[in-house]
K.L.:
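I'd like to ask some things about the structure below.
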Amino acid sequence: MASVTSLTASVHQRLADAFSAALPEAGSADPLLRRSDRADFQANGILALAKKAKANPRELATQVVAAVESGEVIQDIEVSGPGFLNITITDRAIVANLAERYADGERLGVPLAENPGTTVIDYAQPNVAKEMHVGHLRSAVIGDAVVQILEFTGESVVRRHHIGDWGTQFGMLIQYLIEHPHELDHKGGEVSGEEAMSNLNRLYKAARTVFDSDEEFKTRARRRVVDLQAGEPETLAMWQKFVDESKIYFYSVFDKLDMEIRDPDVVGESGYNDMLDETCRLLEESGVAVRSDGALCVFFDDVKGPDGNPVPLIVKKSDGGYGYAATDLSAIRDRVFNLKADSLIYVVDARQSLHFKMVFETARRAGWLNDDVNAHQLAFGTVLGKDGKPFKTREGETVRLVDLLDEAIDRATAVVREKAEKVGLSEREIEENGRYVGIGAVKYADLSTSAVRDYKFDLDQMVSLNGDTSVYLQYAYARIRSIFGKAGDRTPVAHPELELAPAERALGLHLDRFGETLEEVAAEYAPHKLAAYLYQLASLYTTFYDQCPVIKPAPAQEVAENRLFLCDLTARTLHQGMTLLGIRTPERL
């Protein structure tokens, strides 16, 4: 089915035509249409048009009103203040528009992007042989939501998980594993993620103890780094063991987060090793990078240290080693020239903003980024504790991500269990819904906050049935689904001929905004705006549910069918919106 023209677009076109008719010499003019509390819409474009034409705004507004095509879509239009236009939509137009959306299945009338491109999104970047902690949460959750949203709009999305799988620390680990070759053997077959991480932690502590106490081992470990960088087969084989063991752990955590991480999308630092030398050569030959004290550097006029001296981006160190910049610049080359990307998105901590600003500017100077290919850091803030300080354990340690998720699931399961008897949930359903509610609560708390802002991690608030939480939205969805079990032979049917109650109109107008909202969210990489839309939708539905009986007391047949239609479309919109945020909506709660 073709996409559905929104009411906003319909009204906008009618006003634009009226503007042109009232003042032909002005050419096309933007009505500056927006949603309004005083009417369904308000148009503010008259003031700019009147100034341009040196006309009286109210007189011009009156001429525009006379030229507006009304009746089918626009019920009433009045001049307000110095020349604002307040517009009311017909009830018939609202219901007819929603009926078209309803007939469009899962897409709900949302159009695909006219000129979709290819976006590479870099998110969820844990480190090999290291435990994931609360600091890894936001990149994964925000990145996954942006992937889902962009794909829904028709964009071709390439996922990339730039894991930390290279560096000098592996010399120590590999050397220890070579000297203790069975430390990562799986004697009992498959291991769980927790067991894999336990194995890695044990091995790391043992290797560190020897490294700190045995100078000869330390020398062997440092030589092993050289072997790793040279691609020596035995060294690479041992390195691969660490990567494989870490993936068992990573994937178990991402599975708990209800996220799909595919093996081909995991391309860590090691994936760009073969490009590093050429990247440096290209930068130096083009003059983008220059030698300074033996290192290969890129300088910027606006990046200076506290002493006022320039702070360069170091691409290659004076000892011949490569920094993060060389890897990141090689990744840009790969993503632009091999993956043919139009956009590069990096979901990375805001504290790395200067690094990426310098990397992106270097790539632009080299010609790898330009007007047709852009890079954007989707920077995110810090997860804070209830006290507003960086989230730590009582002992001051960084919070393990798996512990945080387990606690969220436990708290949510307790909330679900309180309501389970009333709904008749089985123990299996209680546990399953507890996972969906717990993980949804964590994700929504993150996604309902603008990414760049810090937010407080407060599980008591996150699993609350009241307020702006995913649990509130999930219960709203489950409540709607429960209505259909009581509807008898009544089915959802749109009745455009009916007059709508105020709560029905408010709900219908908001449902019409779903496509507009997703377009804005996708353009700005702003999942928090989708979360805000869904919360408002659930709130408007609560008002509708309180003021507009659907089952009891039983309204007239046509009214009941139309209200069931609004209920079903609301449920489908909630479900689709939550799915795009990576959050499940259980049918019964």
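Index from 1, following the sequence.
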K.L.:
How long is the straight-line distance from CG of L296 back to SG of C280, given to the nearest 0.5 Å?
P.N.:
5.5 Å

K.L.:
Quick one: OH on Y444 to CG on L534, what's the gap to the nearest 0.5 Å?
P.N.:
6.5 Å

K.L.:
In terms of heavy-atom contacts, does CZ of R35 have more than 12 from other residues, nucleotides or ligands at under 6.0 Å?
P.N.:
yes

K.L.:
Carefully, step by step, assess R411 and D460 under the rule salt bridge (charged side-chain N to carboxylate O under 4.0 Å, His left out).
P.N.:
CA-CA 8 Å; R411 294 276 194 96; D460 293 329; 2.6 Å; yes

K.L.:
For Y533 and H510, take the angle between the two ring planes, folded into 0 to 90°, and tell me which bin it lands in: parallel under 30, tilted 30 to 60, perpendicular over 60.
P.N.:
parallel

K.L.:
How close do I314 and C297 get, heavy atom to heavy atom, and via which atoms?
P.N.:
CG1-SG, 4.2 Å

K.L.:
Give a yes or no on whether a salt bridge exists between D263 and K247, defined as a side-chain N under 4.0 angstrom from a carboxylate O.
P.N.:
yes

K.L.:
Are H12 and F41 close enough that their ring centres sit under 6.0 Å apart?
P.N.:
no

K.L.:
Hey, are the side chains of S292 and F299 touching, using non-hydrogen atoms and a 4.5 Å cut-off?
P.N.:
yes

K.L.:
So, H161 versus Y123, ring centres under 6.0 angstrom or not?
P.N.:
yes

K.L.:
Salt bridge or not between D302 and K357? Use side-chain N to carboxylate O under 4.0 Å.
P.N.:
yes

K.L.:
Can you tell me how far apart CG (L184) and CE (M238) are? Round to the nearest 0.5 Å.
P.N.:
9.0 Å

K.L.:
I'd like to know whether S270 forms a side-chain hydrogen bond (donor to acceptor under 3.5 Å, both in side chains) with D165, so could you lay out the CA-CA distance, the side-chain angles of the two residues, the decisive distance to 0.1 Å, and finally the verdict.
P.N.:
CA-CA 6 Å; S270 63; D165 64 352; 2.6 Å; yes

K.L.:
If we count only N and O atoms by modelled type, under 3.5 Å, do the side chains of R222 and T168 hold a donor and an acceptor together?
P.N.:
no

K.L.:
Between T585 and H575, is any side-chain donor less than 3.5 angstrom from a side-chain acceptor?
P.N.:
yes

K.L.:
Hey, mind stepping through E524 and K529 against salt bridge (charged side-chain N to carboxylate O under 4.0 Å, His left out) and telling me if it holds?
P.N.:
CA-CA 9 Å; E524 298 177 14; K529 292 191 174 183; 2.7 Å; yes

K.L.:
With side-chain contact (heavy atoms from CB on, under 4.5 Å) as the criterion, how do D349 and R138 come out once you've worked through the C-alpha distance, each side chain's angles and the decisive distance to 0.1 Å?
P.N.:
CA-CA 8 Å; D349 193 313; R138 301 205 71 186; over 6 Å; no

K.L.:
Minimum heavy-atom separation for A350 to A379, with atom names?
P.N.:
CA-CB, 3.7 Å

K.L.:
Taking atom types as modelled, is there a side-chain donor on Q148 or T579 under 3.5 Å from an acceptor on the other?
P.N.:
no

K.L.:
First locate atom CD1 of I178, then atom CZ of R224, and finally report the distance between them rounded to the nearest 0.5 Å.
P.N.:
3.5 Å

K.L.:
When you check the side-chain N and O atoms of R513 and S6, is any donor under 3.5 Å from an acceptor?
P.N.:
no

K.L.:
Show, in sequence, the C-alpha distance, side-chain angles and deciding distance for E284 and V290, and conclude whether the side-chain contact (heavy atoms from CB on, under 4.5 Å) test is met.
P.N.:
CA-CA 6 Å; E284 188 168 15; V290 296; over 6 Å; no

K.L.:
I would like to know whether D277 and R281 meet salt bridge (charged side-chain N to carboxylate O under 4.0 Å, His left out); could you show each step before the answer?
P.N.:
CA-CA 6 Å; D277 186 61; R281 179 178 60 77; 5.7 Å; no

K.L.:
Can you find a heavy atom in the side chain of F380 that is under 4.5 Å from one in the side chain of V452?
P.N.:
no

K.L.:
Do T118 and K340 make a side-chain contact, defined as non-hydrogen atoms from C-beta onward lying under 4.5 Å apart?
P.N.:
no

K.L.:
Under a 3.5 Å distance rule, please check whether K443 uses its side chain to pair with a backbone N or O of G582 as donor and acceptor.
P.N.:
yes

K.L.:
For a quick test of reading the model, state the closest non-hydrogen atom pair linking L344 to L369 and the distance between them.
P.N.:
CD1-CD2, 4.0 Å

K.L.:
Over all heavy atoms of both residues, which pair between V141 and L447 is shortest? Give the atoms and the distance, please.
P.N.:
CG1-CG, 3.7 Å

K.L.:
So E155 and I149, do their side chains get closer than 4.5 Å, heavy atoms only?
P.N.:
no

K.L.:
Mind checking whether L282 and W368 have side chains closer than 4.5 Å, heavy atoms only?
P.N.:
yes

K.L.:
Roughly how far apart are F242 CZ and L173 CG, rounded to 0.5 Å?
P.N.:
4.5 Å

K.L.:
Going through the checks in order, is the side-chain contact (heavy atoms from CB on, under 4.5 Å) test met by N44 and R34?
P.N.:
CA-CA 8 Å; N44 301 335; R34 63 178 181 84; 3.3 Å; yes

K.L.:
G164 and F170: which non-hydrogen atoms are nearest, and at how many Å?
P.N.:
O-CZ, 4.3 Å

K.L.:
Taking atom CD of E519 as the centre, does the number of heavy atoms from other residues, nucleotides or ligands within less than 6.0 Å exceed 12?
P.N.:
no

K.L.:
For K130, is the NZ atom crowded, meaning more than 12 foreign heavy atoms sit under 6.0 Å from it?
P.N.:
no

K.L.:
For the pair S139 and Q125, evaluate side-chain hydrogen bond (donor to acceptor under 3.5 Å, both in side chains) and give the outcome as yes or no after the intermediate values.
P.N.:
CA-CA 7 Å; S139 177; Q125 311 106 340; 2.9 Å; yes

K.L.:
Would you check, one step at a time, whether the test side-chain hydrogen bond (donor to acceptor under 3.5 Å, both in side chains) holds for S464 with T469?
P.N.:
CA-CA 7 Å; S464 171; T469 67; 5.6 Å; no

K.L.:
For K456 and D387, what are the C-alpha separation, side-chain angles and deciding distance, and is it a salt bridge (charged side-chain N to carboxylate O under 4.0 Å, His left out)?
P.N.:
CA-CA 8 Å; K456 292 182 182 180; D387 58 2; over 6 Å; no

K.L.:
A side-chain contact here means heavy atoms from C-beta on lying under 4.5 Å apart; do T382 and R351 qualify?
P.N.:
yes

K.L.:
Are D212 and K218 within salt-bridge range, i.e. N to O under 4.0 Å?
P.N.:
no

K.L.:
So Y324 and E269, side-chain contact (heavy atoms from CB on, under 4.5 Å) or not? Walk me through it.
P.N.:
CA-CA 9 Å; Y324 289 123; E269 296 168 350; 3.5 Å; yes

K.L.:
Would you check if Q175 and F211 make a side-chain contact, meaning some heavy-atom pair closer than 4.5 Å?
P.N.:
no

K.L.:
Apply side-chain hydrogen bond (donor to acceptor under 3.5 Å, both in side chains) to the pair Y249 and N199, showing each step before the final yes or no.
P.N.:
CA-CA 10 Å; Y249 165 68; N199 290 340; over 6 Å; no

K.L.:
What pair of heavy atoms forms the shortest contact from A441 to M462, and how long is it?
P.N.:
CB-O, 3.5 Å

K.L.:
So, K256 and D406, do they make that salt bridge, N to O below 4.0 Å?
P.N.:
yes

K.L.:
Given the side-chain rings of H162 and Y272, with only the six-membered ring counted for Trp, is the space between their centroids under 6.0 Å?
P.N.:
yes

K.L.:
Hey, is R400 close enough to E407 for a salt bridge, meaning N to O under 4.0 Å?
P.N.:
no

K.L.:
Can R223 and D227 be counted as an ion pair, charged N to O under 4.0 angstrom?
P.N.:
no

K.L.:
Does atom CG of D371 have more than 12 heavy-atom neighbours from other groups under 6.0 Å away?
P.N.:
no

K.L.:
So is R160 actually on top of Y346's ring, under 6.0 Å and inside 45° of the axis?
P.N.:
no

K.L.:
With rounding to the nearest 0.5 Å, note down the distance linking CD1 in I174 to CD in Q240.
P.N.:
10.5 Å

K.L.:
So, N273 versus Y322: side-chain donor-acceptor pair below 3.5 Å or not?
P.N.:
no

K.L.:
Contact between D144 and L257 at the side-chain level, heavy atoms closer than 4.5 Å - yes or no?
P.N.:
no

